[in-house]
Asker: 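For reference, the structure I am asking about is given below.
Here is the naming used below: chain letters follow the sequence lines, and residue numbers restart at 1 for every chain. Quick caveat, the model's predicted, so the values are computed rather than measured.
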Protein chains: 2
Amino acid sequence: MRSVEEMVRVLRQRGLRITPQRRAILELLASDASHPTAEELFRRTREKLPDISRMTVYSTLGELVSMGELVEMRTDVEGVGRYDPNTDSHHHLLCLRCRSLVDIPARPGGVHISVPDALGYRIVRSQVTLYGYCPACQRAEG
Amino acid sequence: MRSVEEMVRVLRQRGLRITPQRRAILELLASDASHPTAEELFRRTREKLPDISRMTVYSTLGELVSMGELVEMRTDVEGVGRYDPNTDSHHHLLCLRCRSLVDIPARPGGVHISVPDALGYRIVRSQVTLYGYCPACQRAEG
DNA sequence: ATGGATGCAAAGGGTTTGCAGACGA
DNA sequence: TCGTCTGCAAACCCTTTGCATCCAT
């Protein structure tokens with residue numbers, strides 16, 4: 001995700017208002033690489049704005065997603081939506097024990113993906129998620 | 001997924017009983033490459049067994065998943081779980097318009113994935129899903 | 001016959017909807 | 001001021017849980 005000020009400008013260009021609630025959500029997203037859920041963002045915004053409602057969080061996330069400034073994602077093993085401020089092409093790594101989700105750069109030494117001819121489909125996006133156990137959880141479990 | 005008879009044998013080996021409900025679910029899964037949801041399987045089993053309950057479907061799917069005979073998956077854009085009888089390594093292609101989900105073979109000319117060193121994670125499974133528009137929906141939308 | 005499986009009901013989590021009142025532009 | 005945004009409540013969908021009854025073995 002871009003900086004908070006860039007995002008504010010983008011929202012204004014679209015005719016959307018900058019409320020304290022929206023600003024708080026943007027500030028959290030701009031500094032969060034943990035792929036938080038709506039509930040986590042709700043809990044954290046409430047620390048600054050105790051009266052914010054869950055619904056405002058969902059609504060703002062929905063706006064950002066439809067604007068293409070935020071990506072909604074899910075994993076195979078979780079029903080909840082997670083929100084990814086990183087709109088560049090990259091992949092994901094989920095720890096099946098602690099449920100932490102981290103980014104993998106798309107190219108350098110990481111995962112490589114190529115689609116020569118996907119059955120005539122016009123591809124607009126790809127999702128690559130690896131499931132495993134992070135170093136800390138490997139030590140903890142043995 | 002293996003044939004129905006193979007699955008019946010596997011279930012018996014695990015001490016599980018072969019009820020008409022379970023057999024009906026196995027029969028549907030063995031001949032279904034559409035990655036159905038629990039609700040779709042419930043609806044289709046009810047055509048043969050009108051008194052089957054949704055809960056029996058969930059329960060049987062859960063058994064098969066925990067046995068590794070069935071894979072539960074989700075896409076970025078859907079909250080529901082889908083069930084994949086194909087436990088071989090392969091990838092997926094989702095049409096964002098009609099929501100049909102098809103398999104892509106893992107290797108021949110399709111997607112290639114390699115993980116030299118995934119940040120010290122021990123990888124146990126990978127998920128690759130491409131999002132786009134199928135040929136029929138491209139024609140329909142233009 | 002006996003313990004696992006079924007089906008019902010209810011509860012649970014995540015998300016969406018409808019609307020009166022509040023407030024950013 | 002005006003039109004959007006907020007927050008509440010309720011509803012919705014998907015899934016899980018608890019339990020009495022049933023039935024495959």
Asker: Measure the distance from CZ on A/R43 to P on C/dG13 and round it to the nearest whole Å.
Answerer: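 So the two atoms are 15 Å apart, to the nearest Å.
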
Asker: With a cut-off of less than 4.0 Å, is there a side-chain N or O of A/S53 near OP1 or OP2 of D/dC8?
Answerer: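 Result: no.
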
Asker: Determine, for A/R74 against B/E78, whether the closest basic-nitrogen to carboxylate-oxygen distance falls under 4.0 angstrom.
Answerer: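 Here A/R74 does not pair with B/E78 in a salt bridge, since their nearest N and O are not under 4.0 Å apart.
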
Asker: Give the C-alpha distance, both sets of side-chain angles, the deciding distance and a yes or no for side chain to side chain contact (heavy atoms under 4.5 Å, CB included) between B/L93 and B/T129.
Answerer: CA-CA 6 Å; B/L93 201 42; B/T129 304; over 6 Å; no

Asker: Do any N or O atoms from the side chain of B/E6 and from the backbone of B/S3 form a donor-acceptor pair under 3.5 angstrom?
Answerer: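 Yes; judged by distance alone, with no hydrogens or angles, the pair exists.
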
Asker: The side chain of A/I52 is closest to which nucleotide in this list: C/dG7, D/dC5, D/dG7?
Answerer: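 Given the options C/dG7, D/dC5, D/dG7, the side chain of A/I52 is closest to D/dG7.
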
Asker: Would you mind checking if B/R44 and B/E39 are paired as a salt bridge, meaning a charged N to carboxylate O distance below 4.0 Å?
Answerer: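 So B/E39 does not pair with B/R44 through a salt bridge.
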
Asker: May I ask you to say whether A/R125 pairs ionically with B/D76, meaning some side-chain N is under 4.0 Å from a carboxylate O?
Answerer: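 B/D76 and A/R125: salt-bridged.
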
Asker: Under 4.0 Å between a side-chain N or O of A/Y58 and OP1 or OP2 of C/dT16?
Answerer: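 No, no such contact exists.
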
Asker: Expressed in angstrom and rounded to an integer, what is the separation of A/R14 atom CZ from D/dT4 atom P?
Answerer: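 Interatomic distance, CZ of A/R14 to P of D/dT4: 16 Å.
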
Asker: Nearest-nucleotide wise, let me know which of B/M55 and B/V80 is further upstream toward the 5' end of DNA chain D.
Answerer: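 First, find each residue's nearest nucleotide; the 5'-ward one identifies B/V80.
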
Asker: Pick the closest DNA chain D nucleotide for B/R12 and for B/G79 by heavy atoms, then say which residue is nearer the 5' end.
Answerer: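 On the 5' side of the pair lies B/G79.
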
Asker: Quick one: B/D51 CG to D/dC23 C1', roughly how many Å, whole number?
Answerer: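 Computing the B/D51:CG to D/dC23:C1' distance gives 15 Å.
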
Asker: Evaluate salt bridge (Lys or Arg N to Asp or Glu O under 4.0 Å) for A/R2 paired with A/E69, printing each intermediate quantity in order.
Answerer: CA-CA 8 Å; A/R2 325 175 194 223; A/E69 299 293 332; 2.8 Å; yes

Asker: Is the A/H92 ring parallel, tilted or perpendicular to the A/H35 ring (thresholds 30°, 60°)?
Answerer: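 Because their plane-to-plane angle is over 60°, the rings of A/H92 and A/H35 count as perpendicular.
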
Asker: So does B/R23 pair up with B/E5, basic N to acidic O under 4.0 Å?
Answerer: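 Salt bridge present between B/R23 and B/E5.
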
Asker: Can you pull out how bent the helix from C/dA1-D/dT25 to C/dA25-D/dT1 is, comparing the axes over its first five and last five pairs, to 10°?
Answerer: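 The angle, to the nearest 10 degrees, is 40°.
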
Asker: Can you tell me the distance, in whole Å, between the CD atom of B/E63 and the P atom of C/dG4?
Answerer: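 It works out to 11 Å between those atoms.
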
Asker: CZ of B/R54 versus P of D/dC14: gap in Å, rounded?
Answerer: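 Distance check: B/R54 CZ to D/dC14 P gives 9 Å.
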
Asker: Please give me every residue in residues 19-37 of chain B whose heavy atoms get under 4.0 Å of an atom in DNA chain C, ordered by residue number.
Answerer: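 Correct list: B/T19, B/Q21, B/R22.
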
Asker: Using a heavy-atom cut-off of 4.0 Å across all strands, would you classify A/G15 as base, sugar-phosphate, or nothing?
Answerer: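 It contacts nothing in the nucleic acid.
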
Asker: Return yes if the base of D/dT4 and the side-chain atoms of A/R17 contain a donor-acceptor N/O pair under 3.5 Å, otherwise no.
Answerer: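 Between D/dT4 and A/R17, which were checked side chain against base, a qualifying N/O pair under 3.5 Å is present.
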
Asker: Could you tell me how far apart A/I18 (CD1) and D/dG3 (P) are, to the nearest whole angstrom?
Answerer: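 It is 20 Å, rounded to the nearest whole Å.
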
Asker: Round to the nearest Å and state the distance from A/R74 atom CZ to D/dC13 atom C1'.
Answerer: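 Rounded to whole Å, this separation is 12 Å.
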
Asker: Measure the distance from CG on A/L16 to C1' on D/dT6 and round it to the nearest whole Å.
Answerer: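 For the pair A/L16 CG and D/dT6 C1', the rounded distance is 14 Å.
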
Asker: Taking the six-membered ring of A/Y133 as reference, does the NZ or CZ atom of A/R97 fall below 6.0 Å from its centre and within a 45° cone about the axis?
Answerer: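 Here A/R97 fails the 6.0 Å and 45° test against A/Y133.
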
Asker: For the pair A/E63 and A/R22, evaluate salt bridge (Lys or Arg N to Asp or Glu O under 4.0 Å) and give the outcome as yes or no after the intermediate values.
Answerer: CA-CA 10 Å; A/E63 305 270 15; A/R22 286 184 173 165; 3.6 Å; yes

